[in-house]
Protein chains: 2
Amino acid sequence: MDYKIKSRIWIENKDNVLLGEGRVTLLKAIEETGSLSKAAKSLNLSYKKAWHLMDSVNKSAKKPVTINSIGGKGGGGTTLTDYGKSLITAFDTINKNCWEFLDHQLKQFKDL
Amino acid sequence: MDYKIKSRIWIENKDNVLLGEGRVTLLKAIEETGSLSKAAKSLNLSYKKAWHLMDSVNKSAKKPVTINSIGGKGGGGTTLTDYGKSLITAFDTINKNCWEFLDHQLKQFKDL
DNA sequence: TTGTGTTATATCCCAAAAGATATAACGCAA
DNA sequence: TTGCGTTATATCTTTTGGGATATAACACAA
């Protein structure tokens, strides 16, 4: 018996996607690097894609998730708001709980 | 508070996908129509795509999921094995349980 | 004033996914 | 023997998503 069960969860706000796995890992990388471009590099994804993701996140969130600054010392940067950080932890717990729940449910495939 | 949580689950067997939502709805349509081509039409998807899906399902399953016949009265057809039917119900219950579980978990987003 | 490293955005190009089309094999019925 | 409606494939075309590239705006530091 070696069937595996996998899942993807995401949060929507009036049919715009707010959070998914990719967006959350991007948020974490931003938190670590303090910059969208550095976060993109560290995750091996194009700046364009990262920017579009964050644009979508910020548009569908009810409060600002990041603070973006252009120019200045270091050229600018992107940091998370407290709201953004709380989104990460909320998503992570739900996701982890979901995995555990599904692993438990998988027993229904035991005899198949 | 109108965030919605959505999910997709699927079952894999040694990194081949066995079942997902699309595959299960296809199996159901086959059960109803008795034919892969009719099932594809009823779901508005090309025969090619439907055939590839079923090919992948049967290759990654441990027992046959469908019985396919070519030629004969009506030209042939595809019917589900008992194993195939049990896969559907197992997947559906897990999926439904997952939705309920996640709706419950969504409360973690209540104050955000 | 110039250089630097960001954010922000548009445009072009390619590859991969999906769709459309064509064709063979098959077995029953007429 | 012919026609029919399937399953089973191959091939060609179209569409779409993503990557690469280019450029502007910005604000601080030197």
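A note on names: the letters A, B, ... follow the listed sequences, proteins ahead of strands, and every chain is numbered from 1.
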Engineer: Rounded to whole Å, please give me the gap between CG in N44(A) and C1' in dG18(D).
Structural biologist: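 Checked: the CG to C1' distance equals 14 Å.
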
Engineer: Before accepting this row, confirm whether a basic side-chain N of the pair K62(A)/D2(B) lies closer than 4.0 Å to the acidic partner's carboxylate O.
Structural biologist: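 Looking at D2(B) together with K62(A), the answer is yes, because their closest N to O distance falls below 4.0 Å.
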
Engineer: Mark yes or no for whether S56(A), through its side chain, and H52(A), through its backbone, hold a donor-acceptor pair below 3.5 Å.
Structural biologist: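 Checking the backbone N and O of H52(A) against the side chain of S56(A), no donor-acceptor pair under 3.5 Å is found.
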
Engineer: Scan nucleotides 2-15 of chain C nucleotide by nucleotide, 5' to 3', and note B when protein non-hydrogen atoms come under 4.0 Å of the base, S if they reach only the sugar-phosphate, - if neither.
Structural biologist: ---BBBBB-B----

Engineer: In whole angstrom, what separates K73(B)'s NZ from dT7(D)'s C1'?
Structural biologist: 19 Å

Engineer: Examine the side chains of S37(B) and S35(B) and answer whether a donor and an acceptor come within less than 3.5 Å of each other.
Structural biologist: yes

Engineer: Would you call D92(B)-K96(B) a salt bridge at under 4.0 Å N-O?
Structural biologist: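 Salt bridge: no.
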
Engineer: Does the N58(B) side chain pair with the main chain of V65(B), one donor and one acceptor, at a distance under 3.5 Å?
Structural biologist: yes

